[in-house]
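Only one structure is covered here, and it is reproduced in the block below.
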Amino acid sequence: MATACTLVVSFPRHKKHPSNPDPISVTVNNERFFANHPLLQLLDQCSKTTHLKQIHARMLRIGLFSDPFSASKLIQASALSELSSLHYAHKVFDQISQPNLYSWNALIRSYASSKEPIKSLLMFLQMLYQSDELPNKFTYPFVIKASAELLALRVGEGLHGMVLKSEVGSDLFVLNSLIHFYAQCGCLDLAHRVFLSMPKRDVVSWNSMIVGFAQGGYADQALELFHGMEEENLRPNDVTMIGVLSACGMKMDLQFGRWVHSYIKRKGIKGNLILNNAILDMYVKCGSVADAKRFFDKMEDKDVVSWTTMLVGYARMGDFNAARTLFGEMPYQDIAAWNALISAYEQNGNPKEALATFNELQLSKEVKPDSVTLVSALSACAQLGAMDLGGWIHVYIEKQGIKFTCHLTTALIDMYSKCGDLQKALEVFNSVESKDVFVWSSMIAGLGMHGRGRDAINLFLKMQETKVKPNAVTLTNLLSACSHSGLVDDGRKFFNQMEPVFGIVPGVKQYACLVDILGRAGHLDEAVDLVENMPIPPGASVWGALLGACRLHGNLDLAERACDQLLELEPQNHGAYVLLSNIYAKSGKWDKVSELRKLMRNSGLKKEPGSSSVEVNGIVHEFLIGDNSHPLSKKIYLKLDEMIARLRSSGYVPNKSQLLQLIEEEEEQDQALYLHSEKLALAFGLISKSPSQPIRIVKNLRICDDCHTVAKKISKLYNREILLRDRYRFHHFKAGECSCMDFW
DNA sequence: ATAGGGTTAG
């Protein structure tokens, strides 16, 4: 303790105008302290930055700014007010010769919840190294929050260490912020460990943990914790319930959701807009638009989130009209509302409408597309094979200087791959610096679907040199790449490595891939053995893969067995009927084929109509079987006749094994084949695209044997490159050959 | 002498 203490008290010498009083100060050991000056009280009432600046000026004039306490008040006001002129606050801060801990904390806090949380950490470091101040119990929650925003696991762990060594190691606020931090970084086990280690927990501790579990996708754990909270007689609040509702939505458990809703009412938990929106969202996620609508109509306050949530509800039910209407009724449409509509179309099998809406958005000029919009639009392009538009979006992203987030990169790679331009996909992949597991996985998928299995494997190996860990999707894509290229040994090897090397338990999807790999290569016994000894029940995809193998290798008994199993799991799977009937047709069992058709008709199943699309000058033209709705239909059929004639003279004989029904007349059989949508698309491509451009066709189903042969021959006879994407993969037709090596 | 943590749609 200082023993020699000089104390000087100075009073104002004379009364001045009351709004401009002289400061009252106390000097201790040559350091001057000012009493709470009336000017400082004005700071709280500032409503404009100009007010702030005026007070700042006055403070400088009367020397109040040199008082650290007063300066810290100014920092606080400029950094944390609604106006939040953080930049200004920082400049003011830099003028303070010896900022006190309070000023540091105010700025660190403000940066933590700003758009640049990294600056919070930089300020923190600056404080550690360039000042004498040490962090206190207020500092830690801010910097930990900044680390959470940045998902900076290492930084947060370091802070955790500092906390443990300091005196604030058991501060409730600090520990709560650590729970939130670990949960945000996806380390729920670490978050939970902090939670359990706490000597005391308050409602925020529970909320952080519950919300953490809910957002991390662990609905059960979140709900379990909610019950645990009840057992401890701790009163849940609105934030708790928001977390619980989010978990309900994930579980899609309407019963329980309704119970939670009534619980909120029963316990008198004070409602607010966010909570109400969460209730609405829960009903939508649980699939009850009726409950959602009832609640929505009763809501007094509604914001864009409420409207958008309701819109999504309609869209999920496939009620696009209601969604559209609601969109029009909203007080205003922000970009999120547009995004909801666009992605609703895109994710519910209506990519064309998604692009039409995207177009509408651009014409409206009210709001600008953001990266979410572009991801949805790119995905719609990918589905349609609309590469002109996809490429345009790519340019748009570059021109607008929009950041290539991993999400966007993934969407671009996927779009280019699925539109058939693998080279462009690789260019995008190679040009970006940040690659997360999805970026890598999409590139592996791209190589795989184009039959470049060896390259896909090499990329996977390269991925392992980075810190990015493969996930289940990566492995599925890798295995499917092996399957498309017939790489049996590699496929088997990677499958066996899954659990021991990559720590991923093989799921139904990966089993299906391996069955496909083995089956395609003709190892039917091994495939059957695998299916029979699976530790998990074989899903429809596994039986489907086996059935596909039977189609290739013509094993009737096994095909019937697989088909039975498949239909038991998915009675509506028309693909199963089609595959089996292909197998019957191949072995000439036309009676069985018609029997199957009868069965299909009786169970109200229709074969999904085949359709093929070609993009010309940014417009996607779609063709159905025997389609003559196209304006150039006459020309297309003339071209088709010419194609067939040229093919015939070069020795082509139609392959009818994949007709779905027995057509008696030979000529009619041929006609049915000629009318296949991919042939119409091909004819249209030939007349409307210049010879230097490849013809890109997207087919919704698998390409049939005959169309495959025709495309090969056409590529040679007309010297054209043809890129056809079917349901499973790409076929590059060039000079009479196909990249799939006739193996698909 | 001043202060802090957890929250919904896409």
Near DNA chain B, counting only heavy atoms under 4.0 Å, which residues of residues 225-259 of chain A show up?
A/Asn237, A/Val239, A/Ile242

Tell me what A/Asp171 touches on the nucleic acid: a base, only sugar-phosphate, or nothing, going by heavy atoms under 4.0 Å.
base

So if I take every side-chain heavy atom of A/Phe173 and compare against B/dG4, B/dG10, B/dT7, which nucleotide ends up nearest?
B/dG4

Using distance alone, with no hydrogens and no angle criterion, decide if A/Asn277 and A/Asp303 have a side-chain donor and acceptor under 3.5 Å apart.
yes

Residue A/Pro141, side-chain atoms from C-beta onward, closest of B/dG4, B/dT2, B/dA9
B/dG4

More than 12 heavy atoms of other groups within 6.0 Å of A/Arg154 CZ:
no

Can you measure A/Phe181 atom CZ to B/dG4 atom C1' for me and round it to whole angstrom units?
18 Å

I need the residues from residues 276-298 of chain A with at least one non-hydrogen atom less than 4.0 Å from DNA chain B; give them sorted by number, or say none.
A/Asn277, A/Asp281, A/Lys285

To the nearest angstrom, how far is A/Tyr332 atom OH from B/dA9 atom P?
16 Å

Students often mix this up, so state it plainly: with edges at 30° and 60°, are the rings of A/Phe93 and A/His90 parallel, tilted or perpendicular?
perpendicular

When all nucleic acid strands are considered with a 4.0 Å heavy-atom cut-off, which category describes A/Leu172: base, sugar-phosphate, or nothing?
base

From the candidates B/dG10, B/dT8, B/dT7, the one with an atom nearest any side-chain atom of A/His180 is B/dT7

Is there side-chain contact between A/Leu52 and A/Ile55, with at least one heavy-atom pair below 4.5 Å?
no

Per atom distances to the A/Phe69 side chain, the nearest of B/dA1, B/dT8, B/dG10 is B/dA1

Can you confirm whether or not the ring centre of A/His261 sits under 6.0 Å from the ring centre of A/Tyr283?
yes

Whole-Å distance separating the CG atom of A/Leu74 from the P atom of B/dA3:
17 Å

Return the value, rounded to whole Å, for the distance between atom CG of A/Leu326 and atom P of B/dG10.
14 Å

Using side-chain heavy atoms (C-beta onward) and a distance below 4.5 Å, is A/Ile96 in contact with A/Pro68?
no

Nearest listed nucleotide, side chain of A/Val211, among B/dA9, B/dT7, B/dG4:
B/dT7

Please test A/Glu360 against A/Arg324 for salt bridge (Lys or Arg N to Asp or Glu O under 4.0 Å), starting from the C-alpha separation and ending with a verdict.
CA-CA 13 Å; A/Glu360 220 180 297; A/Arg324 261 275 165 197; 3.1 Å; yes

Mind checking if A/Lys137 touches a base, just sugar-phosphate, or nothing, with heavy atoms under 4.0 Å?
base

Does A/Glu230 form a side-chain hydrogen bond (donor to acceptor under 3.5 Å, both in side chains) with A/Tyr263? I'd like the steps, not just the answer.
CA-CA 12 Å; A/Glu230 286 217 285; A/Tyr263 177 97; 2.8 Å; yes

Between B/dT7 (C1') and A/Asp301 (CG): distance, integer Å
17 Å

Looking across every strand, which nucleic acid part, if any, lies under 4.0 Å from A/Tyr140 by heavy atom: base, sugar-phosphate, or nothing?
nothing

For A/Phe296 and A/Trp307, take the angle between the two ring planes, folded into 0 to 90°, and tell me which bin it lands in: parallel under 30, tilted 30 to 60, perpendicular over 60.
perpendicular

If you go through the side-chain atoms of A/Asn105, does one of them form a donor-acceptor pair with the base of B/dG4 closer than 3.5 Å?
no

Measure from CD1 on A/Ile335 to P on B/dA9 and round the result to the nearest Å.
18 Å

Whole-Å distance separating the CG atom of A/Asp334 from the C1' atom of B/dT8:
14 Å

Is A/Glu366 atom CD crowded by more than 12 heavy atoms from other residues, nucleotides or ligands, each under 6.0 Å away?
no

Do other residues, nucleotides or ligands put more than 12 heavy atoms under 6.0 Å from the CD atom of A/Gln255?
no

Fit a plane to each ring of A/Tyr345 and A/Phe320, take the angle between them on a 0 to 90° scale, and name the class: parallel (under 30°), tilted (30 to 60°) or perpendicular (over 60°).
tilted

Do the ring centers of A/Phe226 and A/Trp206 come within less than 6.0 Å of each other?
no

Stacking between A/Phe138 and B/dG4, defined as ring centres under 5.5 angstrom apart with planes under 30°, is that present or not?
no

Taking CD from A/Gln76 and C1' from B/dG4, how many angstroms apart are they, rounded to a whole number?
11 Å

Under a 4.0 Å heavy-atom cut-off, which of residues 306-322 of chain A touch DNA chain B?
A/Thr309, A/Val312, A/Arg316

A/Asp202 near the nucleic acid: base, sugar-phosphate alone, or nothing, with a heavy-atom cut-off under 4.0 Å?
base

Ignoring backbone atoms, test whether A/Gln215 places a side-chain nitrogen or oxygen under 4.0 Å from the OP1 or OP2 oxygen of B/dT8.
yes

